[in-house]
Amino acid sequence: MARGETTVGIIGCGLIGGSTAIKLRRAGFAERFVGFDAKGTHAQKAVDLGIIDEAVTLDVLTELAHIIVLAIPVNHAVQMLPDLLNRVS
């Protein structure tokens, strides 16, 4: 990763995550966007549409991302958040 390059990780590459990534990219918020989705086809579609730069695993996302956007249903977020917090430093 280049010095000064900000990476945003999007967890949930559907409508909310994709829309958030588009707005952040247009605003120049970050140089790189990576995404994870439980349905890998959603993340790949986001890559194909230029919404994110790369579809990655959750482990890779937590290593690369400076900022993580959790864009999944609340009931899933409640289950995922403790594990996610344990993964980030």
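Bear in mind the structure is a predicted one, so any value in this text is a computation, not a measurement. Below, each value reflects all heavy atoms present in this structure, side chains not excepted, and no hydrogens, waters or symmetry copies. We number each residue from 1, following the sequence as shown.
For the pair Leu61/Ile68, a side-chain contact is recorded, criterion being any heavy-atom separation below 4.5 Å from C-beta on. Residues Ile10 and Val8 meet the side-chain proximity criterion, which asks for heavy atoms closer than 4.5 Å.
Considering all non-hydrogen atoms of both residues, Ala77 and Leu70 come closest at CB-CD2, 3.9 Å. Of all heavy-atom pairs between Gly12 and Ile72, the closest is CA-CG2, 3.8 Å. Nearest heavy atoms, Gly35 versus Cys13: CA-SG, 3.8 Å.
The number of heavy atoms from other shown groups lying within 6.0 Å of CG (Leu85) is above 12. Counting heavy-atom neighbours within 6.0 Å of Leu84 CG, excluding the residue itself, gives a total above 12.
Both Met80 and Val60 belong to a single network of hydrophobic side chains, linked directly or stepwise wherever heavy atoms of I, L, V, M, F, W or Y lie under 4.5 Å apart. Linking ILVMFWY side-chain heavy atoms closer than 4.5 Å, directly or via other members, places Val34 and Ile16 in two distinct hydrophobic clusters. Cluster annotation: Val88 is connected to Leu81 through the hydrophobic network of ILVMFWY side chains, with a link wherever side-chain heavy atoms come within less than 4.5 Å. Clustering ILVMFWY residues whenever any of their side-chain heavy atoms sit less than 4.5 angstrom apart, transitively, puts Phe36 in a cluster other than the one holding Val69. A continuous path of ILVMFWY side-chain contacts below 4.5 Å connects Val56 to Leu58, so both sit in one hydrophobic cluster.
Rounding to the nearest 0.5 angstrom, the gap separating the OG1 atom in Thr6 from the NE2 atom in His66 is 6.0 Å. Going from atom CZ of Arg26 over to atom CD1 of Ile22 covers 6.0 Å, rounded to the nearest 0.5 Å.
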Identify each donor-acceptor pair in which a side-chain atom of residues 46-54 lies under 3.5 Å from a protein atom, sequence neighbours left out, and give them as a table.
unit_1 : atom_1 : unit_2 : atom_2 : d
Asp48  : OD1    : Gln44  : NE2    : 2.9
Asp53  : OD1    : Arg25  : NH2    : 3.3
Asp53  : OD2    : Arg25  : NH2    : 3.4
Asp53  : OD2    : Phe33  : N      : 2.7
Glu54  : OE1    : Arg32  : NH2    : 2.7

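The closest donor-acceptor contact from the side chain of His42 to the backbone of Asp37 lies at 3.5 Å or more, if one exists at all.
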Yes or no on side chain to side chain contact (heavy atoms under 4.5 Å, CB included) for Asn75 and Gln79, after CA distance, side-chain angles and deciding distance?
CA-CA 7 Å; Asn75 60 325; Gln79 295 172 1; 5.6 Å; no

